[in-house]
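From a predicted model like this one, the values you see are computed outputs, not experimental measurements.
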Amino acid sequence: MKLTARLNLTIAGIFFLMVVIYLLVEIPLQKNRISLVTRKMVSFLNTITDAHVMPLANEIFEERYQAVHIRMESLALIDGIKASAVFKKDFTLVSPGHEPGAGVPTLWARPEIKAMLEQQDIYRIIEDDLYFLRPVKAQGEIFGFLVIRFAFDDVRKMNVRDIRSFAAFIFAALALAFFLFDLLVRKMVILPVRVLNRKMAEFEQNRYAKSMIVTSRDEIGELTVSFNRMAEKISASLERIEQKNQELYEIKSFVENILNNTPDIIFRLDREFRISYVNHAVLKYGYAPTDLIGKNPLDLVFPEEAAKLKILAGRSGEFPRFRNLELRFLNAGKTPAYHIGRHESATGLSTLVVDMDALFSSEKKTRDSFIGYQGMGRDISNHVRMQNIMVQTEKMMAVGELAAGMAHEINNPLGIILQSAQNITRRLGKDLPANSKAAEELGLDLSILDAYLRKRSIDRSLGAIKEAGERAAEIVRSMLEFSRKSGSEKTLCRPEEMMESALEIVSKDYDLKRRYDFKNIRINRHYNEVRPVFCVRSEIVQVLLNILKNAAQAMAEEMPQNRAPEIDLFILQEDTDIRMEIRDNGPGIDEQNRHSIFEPFFTTKTTGEGTGLGLSVSYFIITSRHRGRLWVESRKGDGSRFIIQLPEH
């Protein structure tokens, strides 16, 4: 606070103290004067109302309210009476007296008047007016109340006049004292201090060259000389500091750019194992660097890894050092869905290899010099995923080769069964000459034999063997076709034929454990006339097969009540694109799973029931191999809709 302001506040404080003293003395005197005047007014009002009490009692009793009103008007003519009113003993207003202006009923309906009537106070002062109450009695019985509003302005004006006179005297005395005191202090103290203050302002603007002029030999003059010496030293020091700061800023910017453009996570931990620094590499995992400051890194890794890190830290001594430590890092806002081996779903975790060392403030590595840790984490998630994809691909190739080998092995005995069933049917027939000749030689009637075969349903059994064999042969043919390695050459294919081929394969799908059979699903076809599409046929069939099997399995595991499973197939022409849709009326997909459904290894099935590669491979085939689009539209409980959009060429 400036010196001038402090002086002004001091004078104001003196003034306030004098006013308080005055009020402490004057208020009791004013109360005594007001009390005396009030008693005189009440006595006066008692005198002038004595003559009206008995007549008013008779008029109220006889309900002659017009007479009451005339009497109130006569009272209003008395000097000082501003208004008057008569109330019954139940506080009902009989007649207000004369009062200029509007709002008379509101005046007497005020709560202060009601309280005065209820408590039968002789008088009350309300808003600078004296309200006088006189009970209207006759023979000791109260018939009502007479209330008179009497002017109290003279007393208030007299008090205000006294207060104003004293205040004027106080203000005049303080003004003179303030002027003389301010004139003296301004010349001796304020002006030199202001000069010094202006020089300090120049310091703030980094202007140190010009020295202050010494104007006196007193303490302020000595202060000016000391200030000039200090300014010279500060000016020289600040120039050196500014040069060093510029060098440090350049080094800091250089290091920060290197750290923030490094794809690996670089971090520092304090003594309490909390993050004190982390570079911008964490942005790709959904975190802002400022959000991680102060957090424990163990809260950001998979719980199993956090427990392993604690065990390793305990085995490594007081200041552990880690090399090539593989940790699974939790991405922001996502939750890992399931395990595949020892690696989790890519939707919630990223695999990092971490190196970390302890930091010390001196060469002596003691607890007193220990300041924390620093380290680096390298993301190897893609490497791990590719390893898992390769493992799963090898497994699928092995399964495909095994299926192909089994199909070849089944084909041989299956051919013998079909051929034998066909030969038995031919050699039991009557139309073949060789059969008739052999029967004549043995004395056998073929008509009786034919009747016997029909009677014992042997003909139907042979037909069932043939039908089952043909069905098995068709399954083997489909397995062989699907298990063959697809060529990379693209050909013109009819979309409806590829859809029907996928349906034919999946229609043989039956799982006793999951209790579903694709034949129990109603298929609705909506095929428009479309042009052929240039694609790898087996790959598109594989995509359609994956989607159809997922739909069938989802409807078998969880189906809304009172809803029969159905799949609608659509093939549409959109300009130069072919649109293929597979819609089911199953349980649908919630929002969280819908965003991750095409990611590798993502599945909602339990461990061992799914690899999570079907839809991710399908997405790769459509988007990368065929430059198309694959997406899903679904809501929980409303079924799912998979859309494939392929260019014609």
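Residues R583 and F642 form no side-chain contact, since every pair of their non-hydrogen atoms from C-beta on lies 4.5 Å or further apart. When side chains are defined from C-beta on, L359 does not count as touching Y373, because their heavy atoms never get closer than 4.5 Å. Looking only at side-chain heavy atoms (C-beta outward), F267 and Q374 stay at 4.5 Å or farther from each other. The side-chain heavy atoms of V94 and F87, taken from C-beta on, include no pair separated by under 4.5 Å. Proximity of V632 to I589: side-chain heavy atoms (C-beta onward) are separated by under 4.5 Å at one or more points. Looking at L269 and S276, their side chains never come closer than 4.5 Å, going by heavy atoms from C-beta outward. The side-chain heavy atoms of I60 and F145, taken from C-beta on, include no pair separated by under 4.5 Å. No side-chain heavy atom of Q139 sits under 4.5 Å from any side-chain heavy atom of M54.
No more than 12 heavy atoms of other residues, nucleotides or ligands shown are found within 6.0 angstrom of CD on Q243. Within a 6.0 Å sphere centred on CD1 of I122, heavy atoms belonging to other residues, nucleotides or ligands number 12 at most. No more than 12 heavy atoms of other residues, nucleotides or ligands sit less than 6.0 Å from atom CZ of R635. With a 6.0 Å radius and a threshold of 12 heavy atoms from other residues, nucleotides or ligands, Y123 has its OH atom at or below the threshold. No more than 12 heavy atoms of other residues, nucleotides or ligands shown are found within 6.0 angstrom of NZ on K89. Residue F273 qualifies as enclosed at atom CZ: its count of foreign heavy atoms under 6.0 Å is above 12.
Taken to the nearest 0.5 Å, the OH atom of Y277 stands 6.5 Å off from the CD1 atom of I266. Rounded to the nearest 0.5 angstrom, H52 NE2 and M72 CE are separated by 7.5 Å. Of the inter-residue distances, the one linking I241 atom CD1 with Q246 atom CD reads 14.5 Å to the nearest 0.5 angstrom. If you take CZ on R124 and CZ on F132, they are separated by 15.0 Å, rounding to the nearest 0.5 Å. For the atom pair L75 CG and T49 OG1, the distance stands at 8.0 Å (nearest 0.5 Å). A distance of 9.5 Å separates CD1 of I148 from CG of L133, quoted to the nearest 0.5 Å.
Ion pair R274/D270 flagged as a salt bridge, since at least one NZ, NE, NH1 or NH2 atom sits closer than 4.0 Å to an Asp/Glu carboxylate oxygen. Contact check on R134 versus D50 returns a salt bridge, with a Lys/Arg side-chain nitrogen under 4.0 Å from an Asp/Glu carboxylate oxygen. Looking at K636 and D590, no side-chain N of the basic residue comes within less than 4.0 Å of a carboxylate O on the acidic one, giving no salt bridge.
With hydrogens and angles disregarded, a donor-acceptor distance shorter than 3.5 Å links the side chain of S253 to the backbone of Y249. A distance-only check finds no donor-acceptor pair linking the side chain of N260 to the backbone of A281 [under 3.5 Å]. Under a 3.5 Å cut-off, the side chain of R641 and the backbone N or O of D584 do not form any donor-acceptor pair. In this structure, the side chain of R271 engages the main chain of F370 through a donor-acceptor pair within 3.5 Å.
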For the pair R268 and V278, evaluate side chain to side chain contact (heavy atoms under 4.5 Å, CB included) and give the outcome as yes or no after the intermediate values. CA-CA 7 Å; R268 288 191 67 176; V278 65; over 6 Å; no
Stepwise side chain to side chain contact (heavy atoms under 4.5 Å, CB included) test for V147 and V86: CA-CA 6 Å; V147 180; V86 175; over 6 Å; no
Side chain to side chain contact (heavy atoms under 4.5 Å, CB included) evaluation trace for E633 with W631: CA-CA 7 Å; E633 297 175 359; W631 72 95; 3.2 Å; yes
Might you work through the side-chain hydrogen bond (donor to acceptor under 3.5 Å, both in side chains) test for Y285 and D379, ending with a clear yes or no? CA-CA 11 Å; Y285 304 103; D379 193 337; 2.5 Å; yes
Report the C-alpha distance between M116 and Y131 in whole Å, list the side-chain angles of each, state the deciding distance to 0.1 Å, and finish with yes or no for side chain to side chain contact (heavy atoms under 4.5 Å, CB included). CA-CA 9 Å; M116 182 178 179; Y131 285 80; 3.9 Å; yes
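Shortest non-hydrogen contact noted between L146 and V136 is N-CG2, 3.9 Å. Pairing each heavy atom of F91 with each of E118, the nearest pair is CE1-CG, 3.6 Å. Shown here for A138 and A57, the closest heavy-atom pair between the two residues is CB-CB, 3.7 Å. Here the closest heavy-atom approach between residue S634 and residue G639 is recorded as OG-O, 2.8 Å. Residues N279 and T262 share a closest heavy-atom pair of ND2-O, 3.7 Å. When all heavy atoms of L330 and V301 are compared, the closest pair comes out as CD1-O, 3.7 Å.
At least one test fails for R110 against the ring of W108: distance under 6.0 Å to the centre or angle within 45° of the axis.
Between the side chains of R71 and Q66, no donor-acceptor pair is found at a separation under 3.5 Å.
For the pairing with F44, the side-chain contact (heavy atoms from CB on, under 4.5 Å) check across T47, I48, N46 returns one residue only, I48.
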